[in-house]
Number of protein chains: 4
Amino acid sequence: MPKIVNKDEKRRAIALSCVPLLEEVGIKKLTIAQVAKKAGIGKGTIYEYFENKDDIIFEIINIHIENHDVEFFNKIKETNSTKEKIACFFYFVIDKSEENTKHFNGYKEYLSVVLSNDNEAYLEFNSNRDCFLLDEMRSIIDEGIKKKELLPIASKFVDSLMIFHKGLVLLRMSTKDYDAKESFEDYINNLFDLIEIK
Amino acid sequence: MPKIVNKDEKRRAIALSCVPLLEEVGIKKLTIAQVAKKAGIGKGTIYEYFENKDDIIFEIINIHIENHDVEFFNKIKETNSTKEKIACFFYFVIDKSEENTKHFNGYKEYLSVVLSNDNEAYLEFNSNRDCFLLDEMRSIIDEGIKKKELLPIASKFVDSLMIFHKGLVLLRMSTKDYDAKESFEDYINNLFDLIEIK
Amino acid sequence: MPKIVNKDEKRRAIALSCVPLLEEVGIKKLTIAQVAKKAGIGKGTIYEYFENKDDIIFEIINIHIENHDVEFFNKIKETNSTKEKIACFFYFVIDKSEENTKHFNGYKEYLSVVLSNDNEAYLEFNSNRDCFLLDEMRSIIDEGIKKKELLPIASKFVDSLMIFHKGLVLLRMSTKDYDAKESFEDYINNLFDLIEIK
Amino acid sequence: MPKIVNKDEKRRAIALSCVPLLEEVGIKKLTIAQVAKKAGIGKGTIYEYFENKDDIIFEIINIHIENHDVEFFNKIKETNSTKEKIACFFYFVIDKSEENTKHFNGYKEYLSVVLSNDNEAYLEFNSNRDCFLLDEMRSIIDEGIKKKELLPIASKFVDSLMIFHKGLVLLRMSTKDYDAKESFEDYINNLFDLIEIK
DNA sequence: GATGAATGAGTTTTCATTCAT
DNA sequence: CATGAATGAAAACTCATTCAT
């Protein structure tokens with residue numbers, strides 16, 4: 001009886017084995033040869049499981065983001081106040097630690113690829129993830145309202161909060177020495193003056 | 001004695017002649033050979049006036065943006081209410097007309113290049129332009145306050161308005177069928193509830 | 001399963017097929033395109049077997065020199081007297097035949113490349129080959145002493161003999177109509193007055 | 001009355017002003033633009049005084065070598081014993097000081113150019129200079145014989161001394177970490193055993 | 001005599017993808 | 001199922017030299 005390999009499983013296994021590789025060399029410098037070597041299979045085999053290079057990069061990035069999200073939601077769970085939970089969303093763009101900067105630059109590279117191609121799959125993936133994060137934010141705000149930390153009006157600011165987040169991301173990426181932290185703190189304090197129950 | 005040319009003028013003239021070319025083929029596909037042909041000069045001559053390919057692309061984009069700004073400021077001057085003036089800032093990201101979409105996609109490609117290289121000059125240029133636009137926005141808001149259209153508190157929202165703008169730009173670029181208009185209107189109406197003198 | 005090729009063999013086969021090409025066009029004018037065409041493969045395939053252009057040129061030159069050495073050692077074996085064996089070493093720089101001049105000019109071009117780059121591999125290769133030839137010369141002299149053709153003191157002249165050889169090479173290469181033969185004969189006769197057992 | 005410029009004088013003046021430039025950037029990287037700038041004239045003017053790039057490089061190198069020779073003959077004059085005078089000839093190839101290494105590498109680059117082109121003028125220049133140095137060496141040896149430092153037989157070794165010198169030059173240039181000093185000392189001691197009057 | 005603007009040929013190397021085995 | 005050998009298009013940049021002024 002031959003070993004039955006589930007195509008999807010192997011696809012994922014290949015991508016999984018290349019998560020550190022992508023971090024190391026970056027999207028643009030990643031070659032199929034490297035991927036094949038890291039996964040311990042032949043170059044041709046890659047094409048049994050992936051349409052093309054974009055496809056595999058996409059899969060690897062997915063895993064990256066999933067990993068990131070796991071950490072992210074753990075952090076949020078450990079956090080009590082609504083304000084701090086919101087801050088968790090912004091750590092990614094605020095934190096200047098080497099570790100986070102690496103992730104941030106990885107995401108920058110990813111965005112560069114998204115913006116230069118016109119890959120529908122990328123756009124859809126981004127849409128879904130943004131929706132997902134938006135929902136998370138909404139839950140947190142709603143919970144804050146329920147816990148009497150926030151005024152009911154707070155729910156009207158969920159969207160703009162997420163858009164503001166995107167704005168900080170783009171500014172940190174495209175301008176010199178942008179101080180996202182300062183901007184965030186101004187904004188969040190301003191906002192909480194309006195929505196917080198003191 | 002040889003013909004003496006004004007280097008700066010010729011530099012600009014070359015760039016100017018390639019503004020439509022850049023629009024047509026995009027940044028990534030633009031070749032020096034094309035530029036030289038369009039400008040009606042030899043390839044080598046390009047390098048008498050520009051350091052390298054980045055340098056010439058940068059110059060062409062500058063002209064693009066200058067052109068855009070001229071239109072933009074004309075629109076603002078023709079506009080009366082502060083709210084409408086603010087809306088002018090957002091036309092770029094909101095408007096779905098073919099004309100504007102072309103510009104928007106051009107800017108998208110530019111951003112893609114900025115994010116993938118680490119060109120200090122690009123980052124600095126962006127910083128300066130963002131500062132400049134921020135100042136414009138501030139003037140408009142201040143004027144609105146002076147004209148008793150807005151409450152003094154409005155001045156505290158200038159920064160976040162610009163960041164919000166960036167956020168919309170990134171969302172329109174990186175997600176599928178993003179409705180920047182809706183987001184903007186929600187936001188601006190929400191905001192004006194807080195800062196408008198009715 | 002794909003065709004498995006012996007990388008080393010194919011590498012050598014490619015280089016081998018280009019030995020006449022290198023002779024024909026010279027090092028500086030040799031292009032990868034020519035090499036690929038001559039080897040009957042694609043340009044890209046070259047790079048499956050060689051690091052870069054230097055690498056392939058180096059390999060071709062190796063074959064050249066190996067070929068030359070084979071002839072050279074055959075000649076020495078066919079020769080009886082020590083004096084004649086020594087002369088064999090100098091044929092390369094003395095002989096004005098068209099055939100040898102072609103080789104000599106090839107070596108000249110090779111040296112030109114060695115002197116203009118700072119390629120460690122080249123320098124080391126030269127060192128090794130010089131050592132090797134020095135050892136050969138030493139064997140010949142030692143044998144001459146053993147055969148009572150030469151005085152024991154002859155062994156003290158091995159180094160200078162090789163250096164003298166280099167000197168003739170450089171002189172033939174860098175000056176006009178240099179008569180290496182005359183210089184060699186003067187030298188060898190002078191020397192044999194000192195070291196020969198008559 | 002217009003300023004009469006002697007063509008040859010200006011030619012020399014231009015070359016003279018570029019002596020340090022050549023040292024700085026080397027032969028291969030030297031551009032006509034640099035030469036024109038250093039000489040304070042236009043690029044086109046260069047061609048009023050020189051045939052082509054080779055011509056001007058040649059002229060600059062001439063001056064270099066003249067300068068070197070001046071130092072060299074001063075050193076020889078200050079030296080007493082014949083053995084030391086001979087050693088002066090070999091300082092160039094033996095000395096590992098930074099200063100001399102710079103000169104040596106300059107000469108290496110020059111030789112590389114000589115070997116890669118087939119410029120008759122270069123070859124002739126080299127022939128003449130080698131003749132000239134040979135004559136100098138002969139004078140020194142003859143003088144040594146006259147001063148009863150050397151046996152009359154010494155005159156038979158003048159040629160080989162010069163060829164040996166060339167050999168050391170080529171070895172230092174084309175092999176790794178060559179110890180020219182050791183080779184020279186062995187040789188000169190060996191030689192003096194034969195030709196010195198003790 | 002002087003100038004400097006204009007020129008354009010020429011070559012290495014990478015790497016996603018295919019397909020014969 | 002798996003493989004890896006083979007492919008070939010594609011583009012920036014330099015710089016000696018000329019010649020119109």
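The shown structure was predicted, so the numbers you read here are calculated from the model rather than taken from an experiment.
- By the side-chain contact (heavy atoms from CB on, under 4.5 Å) test, A/S112 pairs with B/S112, B/L115, B/S116, sequence neighbours left out.
- For B/A33, the side-chain contact (heavy atoms from CB on, under 4.5 Å) test picks out B/T31, B/K43, with sequence neighbours left out.
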Exercise. Sugar-phosphate atoms are those with a prime plus P, OP1 and OP2; base atoms are the rest. Using that split, label each nucleotide of nucleotides 11-18 of chain E B, S or - for protein heavy atoms under 4.0 Å, 5' to 3'.
Key: SSBBBSBB

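- Residues that satisfy the salt bridge (Lys or Arg N to Asp or Glu O under 4.0 Å) test with C/E66, not counting sequence neighbours, are C/R12.
- Between the B/N52 side chain and the B/D55 main chain, a donor and an acceptor come within less than 3.5 Å of each other.
- The CD1-P distance, from B/I57 to F/dA11, rounds to 12 Å in whole Å.
- Partners of B/D8 under the salt bridge (Lys or Arg N to Asp or Glu O under 4.0 Å) rule, at least two apart in sequence or in another chain, do not exist in this structure.
- For the side-chain contact (heavy atoms from CB on, under 4.5 Å) test, residues two or more places apart in sequence or in another chain that qualify with B/N119 are B/D54, B/N117, B/A121, B/Y122.
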Donor-acceptor list for residues 17-28 of chain C side chains, cut-off 3.5 Å, not counting sequence neighbours:
unit_1	atom_1	unit_2	atom_2	d
C/S17	OG	C/I14	O	2.7
C/E23	OE1	C/K102	NZ	3.0

Quiz item: Which dot-bracket string describes DNA chain F (Watson-Crick N1-N3 plus N6-O4 or O6-N4, or G-U N1-O2 and O6-N3, all under 3.5 Å; [ ] crossing; | other strand)?
Solution: .||||||||||||||||||||

Quiz prompt | Verdict with reasoning, B/Y110 to B/N126, per side-chain hydrogen bond (donor to acceptor under 3.5 Å, both in side chains) | solution = CA-CA 11 Å; B/Y110 166 71; B/N126 292 337; 2.7 Å; yes

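- Atom CD of A/E51 and atom CD of A/E59 lie 12.0 Å apart (nearest 0.5 Å).
- For the segment residues 13-22 of chain B, no residue has any heavy atom less than 4.0 angstrom from an atom of DNA chain E.
- For the pair C/Q34 CD and F/dG8 P, the interatomic distance rounds to 18 Å; values are reported in whole Å.
- Salt bridge status for C/K10 with C/E48: absent, with no side-chain N to carboxylate O gap under 4.0 Å.
- When rounded to the nearest whole Å, the span between CG of B/N6 and P of E/dG4 equals 15 Å.
- Listed by first then second residue, pairs satisfying ring pair (Phe, Tyr, Trp, His ring centres under 6.0 Å) with a partner in residues 14-56 of chain C number zero, not counting sequence neighbours.
- The backbone N or O of D/L123 sits less than 3.5 Å from a side-chain atom of D/S127, completing a donor-acceptor pair.
- Contact annotation for C/I41: backbone-only contact, meaning every heavy-atom pair under 4.0 Å involves sugar-phosphate atoms and none involves a base.
- Residues from residues 105-115 of chain A lying near DNA chain F, meaning a heavy-atom separation below 4.0 Å, are absent.
- Atom CG of B/D55 and atom P of F/dC13 are 10 Å apart (whole Å).
- With sequence neighbours excluded, no residue satisfies salt bridge (Lys or Arg N to Asp or Glu O under 4.0 Å) with C/K29.
- Counting non-hydrogen atoms under 4.0 angstrom, C/Y49 reaches the backbone sugars and phosphates but no base.
- Computed from coordinates, the D/F50 CZ to F/dC15 C1' distance equals 18 Å when rounded to whole Å.
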